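First the structure, in the form of structure tokens, and then the observations on it.
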Number of protein chains: 2
Amino acid sequence: MPDTTRRADRANGSRYGNRPTMKDVAARAGVGLKTVSRVVNGEPGVTPDTERRVREAIEALGFRRNDSARVLRKGRTASIGLVLEDLADPFYGPLSRAVEEVARAHGALLINGSSAEDPEREQELALALCARRVDGLVVIPAGDDHRYLEPEIRAGVATVFVDRPAGGIDADVVLSDNFGGARDGVAHLIAHGHRRIGFIGDMPRIHTAAERLRGYRAAMEDAGIPVAEGWMSLGATDPERVRRATEEMLAGPDPVTAVFTGNNRVTVTVIRVLAEYDRPVALVGFDDFELADLLQPGVTVVAQDAAALGRTAADRLFQRLDGAPGTPERLELPTRLITRGSGELPPAH
Amino acid sequence: MPDTTRRADRANGSRYGNRPTMKDVAARAGVGLKTVSRVVNGEPGVTPDTERRVREAIEALGFRRNDSARVLRKGRTASIGLVLEDLADPFYGPLSRAVEEVARAHGALLINGSSAEDPEREQELALALCARRVDGLVVIPAGDDHRYLEPEIRAGVATVFVDRPAGGIDADVVLSDNFGGARDGVAHLIAHGHRRIGFIGDMPRIHTAAERLRGYRAAMEDAGIPVAEGWMSLGATDPERVRRATEEMLAGPDPVTAVFTGNNRVTVTVIRVLAEYDRPVALVGFDDFELADLLQPGVTVVAQDAAALGRTAADRLFQRLDGAPGTPERLELPTRLITRGSGELPPAH
DNA sequence: CTGAAAGCGCTTACAG
DNA sequence: CTGAAAGCGCTTACAG
């Protein structure tokens with residue numbers, strides 16, 4: 001007997017198991033389809049007695065409305081997509097959570113995925129979300145060409161970029177003040193007497209990396225310090241490369257006395273390397289991280305507010321979904337310098 | 001003219017903007033609906049010439065298949081739901097990412113949300129995902145009664161629990177060896193000469209917290225050490241409570257000489273408190289965390305593999321979706337003691 | 001207060 | 001090789 005059921009399942013394509021539908025409920029309650037719909041959706045105009053019968057049938061059958069079908073008819077899916085770089089990166093945790101909370105407040109679910117910093121995967125994921133007809137999209141770009149989203153946006157998919165701007169299209173974007181934050185962080189090192197300052201950042205094609213490098217250059221120029229080529233290293237943030245870069249800057253006759261790191265992953269690796277040196281090297285890192293205050297010395301950072309980035313982007317998205325007019329905007333959030341010791345070390349000659 | 005378009009949008013309920021459908025493509029290409037479907041899905045039996053005409057129409061109209069409609073007809077949504085405690089918690093980042101990778105390998109999207117440790121919110125979220133007809137569900141329970149999922153599971157929603165077992169229902173579950181890990185960690189402290197050892201953990205209603213406390217008790221009992229009431233503190237993991245608990249254990253005539261902490265959030269707070277004391281207090285924490293090796297002393301931990309938890313759970317889920325038979329299983333993953341210094345400090349008398 | 005018909009955008013099952 | 005009809009499970013627009 002269970003076997004027969006199984007085969008029946010397969011025969012109808014195992015369609016959602018064997019779930020009862022509104023039609024089943026209507027039949028059992030002896031009412032029309034529309035009446036069931038009214039009860040399920042809390043619409044008015046049903047006598048208490050009818051409603052009771054419908055509710056009993058729902059209970060008895062274990063009916064749950066198929067939102068997937070509802071969505072098809074209504075035209076809005078009450079879900080938004082989030083494309084980020086890596087769900088496992090601690091920077092994106094609070095950002096995702098903030099987007100989720102805003103979505104929740106608007107009764108929407110969140111579908112998300114990681115691009116793994118691969119532009120092709122970003123596109124694949126973003127378009128899959130569009131095919132699901134998410135109402136809107138929050139994207140942390142991996143690539144720098146987003147023209148593939150143009151038809152989708154034109155077709156009505158609200159889209160907001162966060163952390164990095166879109167490439168090749170005009171769209172709302174929420175950014176941290178990467179340039180200003182880096183400039184302030186480097187100026188802080190200069191104010192503490194450093195002149196030979198290294199910069200270790202992410203790949204230059206990533207917008208945030210380029211902006212932070214620009215901030216570094218600006219601070220140095222403002223102080224009238226010429227920058228040596230060997231003081232700048234941009235590339236992948238894997239520990240091996242960052243370690244090599246750090247060691248090179250600390251070698252030679254005129255080693256750097258301070259390092260500015262371009263993001264949290266770089267910072268962490270540089271801390272490990274510096275721990276192996278006897279001479280103190282000053283450090284300011286972009287991005288705050290847990291326990292930065294408990295290390296010795298505490299790590300001075302330029303902090304950005306990941307949750308605020310996510311919240312601002314999601315708010316903007318729902319404003320657009322609610323029909324907010326106007327051309328795409330660029331929203332820039334300030335950063336904050338947090339001094340904890342490592343950035344206040346004097347230069348070791 | 002744009003205004004007219006706008007009004008038209010509203011009139012039809014702003015249905016996915018104004019997206020072209022297969023019907024539009026068919027009309028433009030001068031073929032039947034089914035032929036468009038064949039081309040879009042790469043099914044055989046279309047002459048090259050017909051295919052070309054269809055592709056041109058698709059291109060010209062900017063058509064993208066509505067997977068939401070497809071799903072309704074096919075019965076499987078190619079998406080799975082993940083209910084976790086907090087997207088922003090660093091422990092769940094790698095776990096989510098692992099689930100995502102497995103889903104991706106199976107061509108499924110991931111819909112996820114945070115329960116915020118609130119049983120009601122967990123239920124609301126899990127049922128919303130069921131209403132969307134996700135094919136399966138990975139749940140990190142907040143509550144301890146999951147009977148509300150019984151009708152869903154019976155209706156065919158594959159469900160796997162991770163990190164904590166389900167309550168009131170029989171379901172697949174993937175756990176760390178919380179009992180064994182905690183017992184080993186406490187035994188490690190005992191082996192280093194400690195007898196007065198404190199335990200600070202999460203709320204006792206949370207399964208992992210209870211299991212880890214059980215491990216603590218077992219280790220103490222194995223060593224023949226009677227446990228004083230004041231040595232155990234379970235409750236919310238907010239810094240204020242944990243700080244108070246730590247301070248109380250360190251006060252009085254017979255203070256603890258070592259602390260075992262029940263999870264990463266507790267550990268981090270206890271480290272902050274211990275940093276304020278002159279006398280050294282040994283510490284072993286459940287859960288590894290970034291930079292644990294760079295603190296002074298390095299923090300000895302009982303590490304669990306969050307990514308492996310997620311991967312194992314997702315693998316199990318897709319096995320079930322592929323028809324794997326058998327009764328629900330309990331999979332337990334080992335933990336690993338990582339010594340870094342804090343757990344090897346001798347007792348200060 | 002209630003319900004039958006049409007339709008959302010696809011796929012399935014079938015016939016030519 | 002191609003396509004018309006029916007249907008997935010709901011909601012919409014309308015009529016009684």
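Since the structure is predicted, the reported quantities are computational estimates derived from the model, not experimental observations. Proteins come first, then strands; the chains are lettered A, B, ... in the order of their sequence lines, and each starts at number 1.
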Please state how far atom CZ in A:R76 lies from atom C1' in D:dT11, giving the value in whole angstrom units.
17 Å
Within less than 4.0 Å of OP1 or OP2 of D:dT11, is there a side-chain N or O belonging to A:S37?
yes
Using modelled atom types only, decide if a donor and an acceptor are shared between the side chain of A:T35 and the backbone of A:V31 within a distance under 3.5 Å.
no
What's the closest nucleotide to the B:R73 side chain, out of D:dA4, D:dC8, C:dG3?
D:dC8
Candidates D:dC10, D:dT2, C:dT11 - which lies nearest the side chain of B:N41:
C:dT11
Per B:R38 side chain, nearest of listed nucleotides C:dT2, D:dG9, C:dC14
C:dC14
Side-chain H-bond candidate by donor/acceptor type, B:E124 with B:Y148, under 3.5 Å
no
Separation of atom CD in B:E43 from atom P in C:dC10, rounded to whole Å
14 Å
Donor-acceptor side-chain pairing of A:H146 and A:Q123 below 3.5 angstrom
no
With side-chain contact (heavy atoms from CB on, under 4.5 Å) as the criterion, how do B:D67 and B:R70 come out once you've worked through the C-alpha distance, each side chain's angles and the decisive distance to 0.1 Å?
CA-CA 5 Å; B:D67 282 352; B:R70 173 171 221 242; 4.0 Å; yes
Listed nucleotide nearest any side-chain atom of A:T47, set C:dG9, C:dT2, D:dC10:
C:dT2
Given a 3.5 Å cut-off on both pairing distances, which stems involving DNA chain C, each at least three consecutive Watson-Crick or G-U pairs, are present, if any?
C:1-3 with D:14-16, C:5-12 with D:5-12, C:14-16 with D:1-3
Between C:dC10 atom C1' and B:R64 atom CZ, what is the distance in whole Å?
16 Å
Under 3.5 Å: donor-acceptor pair, side chain of A:S114, backbone of A:L87
yes
Rounded distance (Å) that lies between atom P of D:dA13 and atom NZ of A:K74
10 Å
Could you tell me how far apart B:D24 (CG) and C:dG9 (P) are, to the nearest whole angstrom?
8 Å
Selection from D:dG9, C:dC10, C:dT2 that lies nearest to any side-chain heavy atom of B:R70
C:dC10
Can you measure B:M22 atom CE to D:dG7 atom P for me and round it to whole angstrom units?
20 Å
Stepwise side-chain contact (heavy atoms from CB on, under 4.5 Å) check, B:I80 with B:I111
CA-CA 6 Å; B:I80 66 170; B:I111 311 182; over 6 Å; no
Less than 4.0 angstrom between a side-chain N/O of A:S68 and OP1 or OP2 of D:dG9, yes or no?
no
Considering only distance and modelled atom types, tabulate donor-acceptor pairs under 3.5 Å from the side chains of residues 157-173 of chain A, sequence neighbours left out.
from	atom 1	to	atom 2	distance (Å)
A:T159	OG1	A:V157	O	3.0
A:D163	OD2	A:Y92	OH	3.4
A:R164	NH1	A:E117	OE1	2.8
A:R164	NH1	A:P141	O	2.6
A:R164	NH2	A:E117	OE2	3.3
A:D172	OD1	A:R320	NH2	3.0
A:D172	OD1	A:E329	N	2.7
A:D172	OD2	A:R320	NE	2.6
A:D172	OD2	A:R320	NH2	3.3

Between CZ of A:R53 and C1' of C:dC1 the distance, given in whole Å, is 12 Å
In whole angstrom, what separates A:K23's NZ from C:dA4's P?
12 Å
Is A:T35 close enough to C:dG3 that one of its side-chain N or O atoms is under 4.0 Å from OP1 or OP2 there?
yes
All pairs passing ring pair (Phe, Tyr, Trp, His ring centres under 6.0 Å) where residues 18-67 of chain A contributes a residue, at least two apart
none
Would you mind classifying the nucleic acid contact of A:D67 as base, sugar-phosphate or nothing, using non-hydrogen atoms under 4.0 angstrom?
nothing
Identify which nucleotide among D:dC1, C:dC10, C:dT12 has an atom closest to any side-chain atom of B:K34, counting heavy atoms from C-beta outward.
C:dT12
Between B:T50 and D:dC1, is there a contact of a side-chain N or O with OP1 or OP2 at under 4.0 Å?
no
Side-chain atoms of B:L72 come closest, of D:dT2, C:dG9, C:dC10, to C:dG9
